[in-house]
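FYI, the numbering just counts along the sequence from 1.
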Amino acid sequence: MKEPKYKQIENYLKELIESKELGEGDLLPSENQLCEMFEVTRMTVRSALNNLVKEGRIVKHKGLGSVVLGCKINDNISVINSFTNEIKQKGFQVKNVLQEFAIMRADEFIAKQLKIKTGDEIWKIVRVRIANDEQISYMITYMPAKLFPDLSKDHCKGSLYEYIQKKCGHKIAVAHRSIEAVIATDKIKDALGLDFYAPLLHIEQITKLESSVIFEYSHTYHYNYNLTLNAVSN
């Protein structure tokens, strides 16, 4: 049975990527070009492109086109696990470089995300995560200070989830995540050691304990990171 047109387009683009004919940061053929090549509508082309976005192979930019992403690390976001432990299990040497560690007062927006009062004390933790000597993630984490009064820099250099579960005795239950493709800002570009404004996967996350208490609100910017996308973790 002949493959549907959208699948033919998808496989054609995968072959371009996997054969290295198109590398990281390269533009895919335009929607118009693909429409002409395969004699299909734009809707069919977009269906193929959207599947590649879901697989973490490409990112789409309005006014620019579709860009090839790196595919070094695979992850399934339906599982709550320590980033550090998860990547170590895949054979990577991992370390976290702490860039900022401070107590601050929650503004109205962050207080709303953490379900606390405006002005309550929170931890702000900024880290760059490195796998096999390559910077792959930039993370900003906010946590209520009253939940973790003895949090230290050393805890942040290791696995925060390990600290929360083993040291504090909490059980992590669920994470709600929203994901979008973004272009690196100057600050993130410099932190990740990039020499161009690379496409990144941005994950905004709110994580709860088994008691339903929210303990984390975070923004993570992943470079060369391939995710299997699900809406809610369990």
Side-chain angles (χ1 to χ4, degrees), residues 1-79 83 86-87 90 129 131 134-140 175-206 218-233:
M1 185 176 177
K2 195 172 183 180
E3 283 187 319
K5 285 286 189 178
Y6 80 90
K7 197 66 179 176
Q8 292 179 38
I9 298 168
E10 191 177 328
N11 289 336
Y12 166 72
L13 295 174
K14 282 183 181 179
E15 177 60 29
L16 291 180
I17 296 169
E18 291 171 2
S19 67
K20 308 298 183 185
E21 188 171 337
L22 289 179
E24 177 189 335
D26 287 344
L27 280 171
L28 268 62
S30 69
E31 289 185 3
N32 286 339
Q33 289 173 318
L34 291 170
C35 286
E36 291 178 8
M37 288 172 63
F38 289 89
E39 299 181 340
V40 295
T41 65
R42 186 164 294 204
M43 184 179 296
T44 301
V45 169
R46 287 177 178 171
S47 179
L49 294 175
N50 287 338
N51 285 342
L52 294 178
V53 170
K54 289 177 183 178
E55 291 182 13
R57 292 176 180 268
I58 67 170
V59 62
K60 295 167 73 174
H61 296 294
K62 189 175 180 180
L64 177 62
S66 299
V67 178
V68 177
L69 286 174
C71 300
K72 290 187 176 179
I73 301 173
N74 296 291
D75 192 23
N76 188 329
I77 70 167
S78 66
V79 177
F83 169 92
E86 183 74 19
I87 302 305
K90 295 172 181 176
R129 288 166 162 175
E134 290 189 22
Q135 296 101 314
I136 62 168
S137 301
Y138 180 84
M139 173 177 274
I140 307 167
H176 298 269
R177 291 161 168 158
S178 60
I179 300 172
E180 64 177 342
V182 299
I183 294 295
T185 62
D186 285 329
K187 185 173 185 177
I188 296 175
K189 180 174 74 72
D190 291 343
L192 294 179
L194 303 174
D195 56 8
F196 68 106
Y197 293 95
L200 308 172
L201 285 181
H202 169 223
I203 300 177
E204 181 181 20
Q205 175 169 306
I206 293 174
S218 66
H219 292 271
T220 303
Y221 300 86
H222 290 300
Y223 175 63
N224 274 359
Y225 201 75
N226 184 11
L227 298 165
T228 302
L229 305 181
N230 296 285
V232 180
S233 298

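- At a threshold of 4.0 Å, the pair E18-R57 counts as salt-bridged, since one of the basic side-chain nitrogens sits closer than that to a carboxylate oxygen.
- Applying the side-chain contact (heavy atoms from CB on, under 4.5 Å) rule to I183 yields the partners H61, Y197, P199; only residues at least two apart in sequence or on another chain are considered.
- The distance from atom OH of Y138 to atom NE2 of H219, rounded to the nearest 0.5 Å, is 11.5 Å.
- Applying the side-chain contact (heavy atoms from CB on, under 4.5 Å) test to D190 and every residue at least two apart in sequence or in another chain returns nothing.
- Nearest heavy-atom pair across T220 and S137 is CG2-CB, 4.3 Å.
- Remark: Y221 engages H202 in a ring-ring contact (aromatic ring centres under 6.0 Å, His included) (not counting sequence neighbours).
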Quiz item: Can K14 and L52 be said to form a side chain to side chain contact (heavy atoms under 4.5 Å, CB included), step by step?
Solution: CA-CA 8 Å; K14 282 183 181 179; L52 294 178; 3.7 Å; yes
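- Legend: residues meeting side-chain contact (heavy atoms from CB on, under 4.5 Å) with K5, ordered by chain and number and at least two apart, are Q8, V40, T44.
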Self-check item: side chain to side chain contact (heavy atoms under 4.5 Å, CB included) between I58 and V67, worked out
Solution: CA-CA 5 Å; I58 67 170; V67 178; over 6 Å; no
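- Screening residues 12-40 for ring pair (Phe, Tyr, Trp, His ring centres under 6.0 Å) gives Y12-F38 as the qualifying pairs, with residues at least two apart or on separate chains.
- Residues satisfying the side-chain hydrogen bond (donor to acceptor under 3.5 Å, both in side chains) test with E204, not counting sequence neighbours, are S178, Y217.
- In this structure, the side chains of N11 and E3 come closer than 4.5 Å at one or more pairs of heavy atoms.
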Exercise. Output, in order, the C-alpha distance, side-chain angles, deciding distance and verdict of side chain to side chain contact (heavy atoms under 4.5 Å, CB included) for N32 and V45.
Key: CA-CA 9 Å; N32 286 339; V45 169; over 6 Å; no
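- Applying the side-chain hydrogen bond (donor to acceptor under 3.5 Å, both in side chains) rule to D195 yields no partners; only residues at least two apart in sequence or on another chain are considered.
- Atom CD of residue E10 and atom CG of residue N51 lie 4.5 Å apart, to the nearest 0.5 angstrom.
- Residues passing the side-chain contact (heavy atoms from CB on, under 4.5 Å) test with Q135, sequence neighbours excluded: V128, I130, L192.
- Residues that satisfy the side-chain hydrogen bond (donor to acceptor under 3.5 Å, both in side chains) test with D26, not counting sequence neighbours, are absent from this structure.
- Evaluated for a side chain to side chain contact (heavy atoms under 4.5 Å, CB included) with L22, the options L27, L13, L16 yield exactly one hit, L16.
- Listed by first and then second residue, the salt bridge (charged side-chain N to carboxylate O under 4.0 Å, His left out) pairs that reach into residues 29-48 are E31-R42, E31-R46, sequence neighbours excluded.
- By the side-chain hydrogen bond (donor to acceptor under 3.5 Å, both in side chains) test, T185 is found to be paired with no residue, residues two or more places apart in sequence or in another chain being considered.
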